[in-house]
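Heads up: the structure comes next, in structure tokens.
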Amino acid sequence: MRTETPQPIRLTDYRPPAYLIDEVHLTFDLAPNTTRVTARLSIRRNGDHAEPLVLNGERLKPISVAVDGRELGAAEHSVDAEFLTVPNVPAAFTLTTEVEIDPEANKALDGLYMSGGRFCTQCEAEGFRKITWFADRPDVLSRFTVRIEAPKTYQRLLSNGNLMESGDLPGGKRYAAWNDPFPKPCYLFALVAGELDELSDSLVTMSGRTVDLKIYVDPGMAGRATYAMDALKRSMKWDEEAFGREYDLDLFMIVAVRDFNFGAMENKGLNIFNSSLLLADPATATDFDYERIESVVAHEYFHNWTGDRITCRDWFQLCLKEGLTVFRDQSFSADMRGEAVQRIKDVKALRARQFSEDQGPLAHPVRPSSYLKIDNFYTATIYEKGAEVIRMLKTLIGPEKFREGMDLYFDRWDGHATTVEEFIRCFADVTGEDLSDFFAWYEQAGTPKVSLVQSYDAEARTLTLEFSQEIDPTSGQPTKRPLPTPVRIGLLDGEGRTLAFERDGQAVDETVVVLDQAKAKVVLTGVDSAPVVSALRGFSAPVTLTTDSPSKDRYVQLAGDPDLFNRWESGQDLARDLILGRAAGKPDEVGEERYAHAVARALADQAADPAFKALLLALPSESDLVLARQPADPAAIHAAREALRQRLALHLEDDLKRLHIGLQQIGDFSPDAASAGRRALRNASLDLLAANPRSDVVELADGHYRAALNMTDAMGGLNALMQIGGEAYEAALADFYDRWKTEPLVIDKWFALQARAPDEGVLGRVLGLTAHPAFDQKNPNRLRALVSTFASGNPSRFHDPSGAGYRFLADQILAVDGFNPMTAARMVEPLGGWRRYSPELGALMKQQLQRIAETQGLSKNVYELVAKALGE
Ligand code: B3K
Ligand code: ZN
């Protein structure tokens, strides 16, 4: 165990900065092991008191410190592992510092580091302090001028803003000077240097300005950036139309790098992307990759306003930029790809990641009130639940008032760092409503449990809906108050037709009931027949809903609820109950047949979108099912889910084979949503057929793999073979590796696929793969592809009763923590939910957490998560 317990940072301790830094001049003399950084900062006191100047700085080799041109002696300043302190400074002055850093040795991938022989940076949240001494906090906004000097081999020298000049220097070197006219916090600083190919384009903005657009990628890869460029242009137009937001600089650049701790980063004017979220062509990227690229390119671009022009006062306000920007990218994707399908995918992701977080020791509010390492708070709660809160706000006040509030926010806070309170105040101001109750959504952790009891009075033609709401205690929040929750409701008759009704005397097809107390009763009138209640349409609030509807109502909904989200949801509910029943030793064979029959009918619906049908065909994932019943038994869930898949495969065999043939690609590949939807349905059909491992199915899967004209289909075939295992699978795996061994992003898929295999030998295979020459623990994409896919994506094998899966994960976490704490910490989550499993499994998981906690020299990042998981 660590000897000193790290102290948390608290929201209530926020103090405005003692000093502001208006201008920053940085000079980088780049060399892989000895980069010299000279910083000239114009600093002024913020307030009346003369306080010591304290700047953050870590892993810096000090060279010199000068105030107003005079170098300070040893007695005039001090440097420790975290800070530079200058006790006496004037009210306004220039501080000039020189430090040396070693980007090549930086395997933590924050600050300035090297990836593939190129220099690149990642500064959010606290990486800038590893580049130079600075007030590394988001409420210090400065104008940056950056000069980069480097040997000529580093052909491109990039930083934020506009290029001022560039040219040759003596000694075989070059330089470039950049200026960013928009004041920004240092977490948005970026620098890239190296050999890169450029894809360039331009766009005329709403006010008629031409913006140059450039995407930089590994040499030879420019052709794979065309989809990202297209997505960027669509995002820029969309933000103009949907939010009135225009791009502000003359140049917008994106750079793709291979070694990156997460997805991408919104540095002002110079976004840096994990190459997996930027590069795509039909041969190497799946439709899922295309979809993610579109949404992440949009997300980072949208940050230009929600994040860069208006930023966070402190890191507790992270959801101010992240939740809001996720909401914006989800809205964009819905417009690009269809609202219902997008909503279903977003809700699936929310449940898989955020609901599980809420059920575990790491549950925290959308705006947390304390942390040890802010890096650990880039969570599904901040991002995905943060987006849900904005969505509810829009539902509650309506789209016009929402837009008015957003306009006011942009107007009022442009150029500032602000808080969630101030954001909400904009909506209170435009509506005249008191939104203080709503604010509790930001402060209270946990997923509300809403239950609904319905009673119909045929004589009075009334439907009474009785709601109750409760939230389980979470760490540090033993009691909860009710949250204002919008529940969108429609009614169907027994045949599945929309049943109109009256609410407060008005005839309507749909209504929103707002629950603002622990209990609420609503009477709908003019209800002509016993209704099927379609509640929480479009997943109007991030809650779990239980109703007293009989399963026959779910079948009516599955057959034709006009709300496609609820149509899909009713199928998932039916499947979940059947699987959990079987896992608990109570199989319902009649129910399973009935379900298979209903799915067949839904598949036959000619009006339905193939992408939607593909979602209908997929059963709830094992990870979702594990969350639904506790203590969870992953092996029993796996077996029960497979049994239902087999029944579906048998029952639907002819339909699935017909779809498989009928949806074959005709003509050229197109990544658009409609074509992707057809591929999704075709691959989902094959996936289900593979539940029945007969030789004709093996042949079908093998043929599918070998005939694939794109990566989506190749992975579809390989995935079906992987489920069945055996010779055909091994041969296809070898073929795939051989074919793609020079393509890192494709080889990541090869590793990940093997980690998801259901067979008993999978852990042995995964262990073997850690010794494969292509495995590289230092590359986060590769590491996650193998280790995190196994731990999170293969519950029945990860939770092997021997505890070997847990031991493997703990070994990996400890090894990675030695050089990349941020990424190591992101691997802890699968062990964190140990209380949800049987006492035997839970004890083995806990044992590994304890082993990690007792390791000497553990990073704060891993320590925080492990300590929380152990309940310390
Ligand atoms: N803002 C970055 C995430 C930074 C994560 C730092 N640990 C990307 C994004 O959310 O857009
Ligand atoms: Zn973001």
Side-chain angles (χ1 to χ4, degrees), residues 106 108-111 113 120-130 136-138 160 184-190 228 231-232 235 239 254-257 259-274 276-278 292-312 314-333 346 349 353-354 366 368 371-387 390 417 780 784 820-829 859-862 864-865:
N106 177 359
L109 314 184
D110 67 336
Y113 65 96
C120 64
T121 52
Q122 171 53 38
C123 294
E124 187 178 359
E126 296 180 335
F128 195 73
R129 63 186 62 181
K130 288 147 194 165
D136 192 355
R137 44 188 290 166
N160 318 81
K184 64 170 180 286
C186 64
Y187 81 86
L188 292 171
F189 165 80
L232 172 63
S235 308
D239 212 15
I254 302 180
V255 181
V257 299
D259 302 285
F260 206 66
N261 276 340
F262 36 86
M265 178 64 210
E266 71 264 24
N267 316 300
K268 178 80 188 184
L270 178 56
N271 288 184
I272 298 183
F273 271 59
N274 187 321
S276 67
L277 289 167
L278 194 99
R292 293 274 297 141
I293 289 169
E294 179 175 74
S295 103
V296 178
V297 166
H299 180 98
E300 305 310 332
Y301 173 72
F302 296 157
H303 268 315
N304 189 56
W305 276 95
T306 48
D308 298 3
R309 289 281 287 252
I310 305 179
T311 192
C312 303
D314 53 75
W315 290 121
F316 294 101
Q317 320 296 331
L318 187 55
C319 68
L320 176 72
K321 73 180 181 78
E322 295 304 348
L324 177 56
T325 306
V326 171
F327 172 74
R328 276 151 54 70
D329 82 56
Q330 291 179 347
S331 309
F332 166 76
S333 294
D346 290 340
R353 302 179 45 224
Q354 202 277 324
V366 172
Y371 61 75
L372 284 187
K373 283 302 285 180
I374 187 59
D375 306 325
N376 286 337
F377 278 84
Y378 286 76
T379 60
T381 299
I382 307 282
Y383 277 66
E384 270 78 27
K385 186 172 177 187
I390 309 272
R784 277 194 288 262
N820 188 341
M822 225 186 270
T823 290
R826 283 169 166 249
M827 296 161 70
V828 173
E829 195 270 339
S859 70
K860 261 195 207 177
N861 301 56
V862 170
E864 177 174 31
L865 299 184

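Just the heavy atoms: all of them, side chains too, but no hydrogens, waters or symmetry mates, feed the values below. What you are looking at is a predicted structure, and each value in this text was computed from that prediction instead of being measured. Counting starts at 1 for both ligands and their atoms, following the listed order.
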task: Could you tell me the residue and atom name of the protein heavy atom closest to atom 8 (C) of ligand 1, and the distance to it rounded to 0.1 Å?
output: Ala264 O, 2.9 Å
message: Within ligand 1, which atoms have a heavy atom of Lys321 less than 4.0 Å away?
response: 1 (N)
query: What is the distance from atom SG of Cys186 to atom CG of Leu188, rounded to the nearest 0.5 Å?
result: 8.5 Å
task: Please identify which atoms of ligand 1 are closer than 4.0 Å to at least one heavy atom of Met265.
output: 1 (N), 2 (C)
query: Among protein heavy atoms, which sits nearest to atom 10 (O) of ligand 1, and what does the distance come to when rounded to 0.1 Å?
result: Tyr383 OH, 2.5 Å
- prompt: Which residue, Asp110, Leu109, Asn861, Asp259, forms the side chain to side chain contact (heavy atoms under 4.5 Å, CB included) with Asn820?
  reply: Leu109
message: Out of all atoms in ligand 1, which are within 4.0 Å of some heavy atom of Glu300? Include the element for each.
response: 8 (C), 9 (C), 11 (O)
- line: Per side chain to side chain donor-acceptor pair (under 3.5 Å), His299 is matched among Glu266, Glu294, Glu322, Arg292 by Glu322
query: Nearest to the Zn ion (ligand 2), which N, O or S atom of His299 do we find?
result: NE2
query: Is Asp375 salt-bridged to Arg826, cutoff N-O under 4.0 Å?
result: no
N/O/S from Glu300 sitting under 2.8 Å away from the Zn ion (ligand 2): no
- prompt: Counting distance only, does the side-chain N/O of Asn274 pair as donor-acceptor with the main-chain N or O of Phe262 below 3.5 Å?
  reply: yes
message: I'd like to check whether Glu322 has a polar contact with ligand 1, where a contact means an N/O of the residue lying under 3.5 Å from an N/O of the ligand.
response: yes
message: Show me which atoms of ligand 1 lie under 4.0 Å from any heavy atom of Glu124.
response: 1 (N), 2 (C), 3 (C), 4 (C), 6 (C), 7 (N)
query: Which word best sums up how the rings of Phe332 and Phe302 line up, parallel for under 30°, tilted for 30 to 60°, or perpendicular for over 60°?
result: perpendicular
task: For the atoms OE1 of Glu322 and NE2 of His303, give the angle they form at the Zn ion (ligand 2), rounded to 10 degrees.
output: 100°
message: Centre-to-centre under 6.0 Å for Phe316 and Phe377, is that the case here?
response: no
statement: When every non-hydrogen atom of Val862 is compared with those of Ala825, the smallest separation belongs to CG2-N, 3.7 Å
task: Compute the shortest N/O to N/O distance between His299 and ligand 1 and return yes if it is under 3.5 Å, no if not.
output: yes
field: Heavy-atom nearest neighbour in the protein, as seen from atom 5 (C) of ligand 1, with distance rounded to 0.1 Å
entry: Phe262 CZ, 3.2 Å
- request: For His303, counting its heavy atoms only, list the atoms of ligand 1 lying under 4.0 Å from any of them.
  value: 9 (C), 10 (O), 11 (O)
message: Would the distance check show the side chain of Asn271 and the main-chain N or O of Asn267 forming a donor-acceptor pair, the cut-off being under 3.5 Å?
response: yes
task: Identify, by atom number and element, the atoms of ligand 1 in contact range of Glu266, meaning under 4.0 Å from any of its heavy atoms.
output: 1 (N), 2 (C), 8 (C), 9 (C), 11 (O)
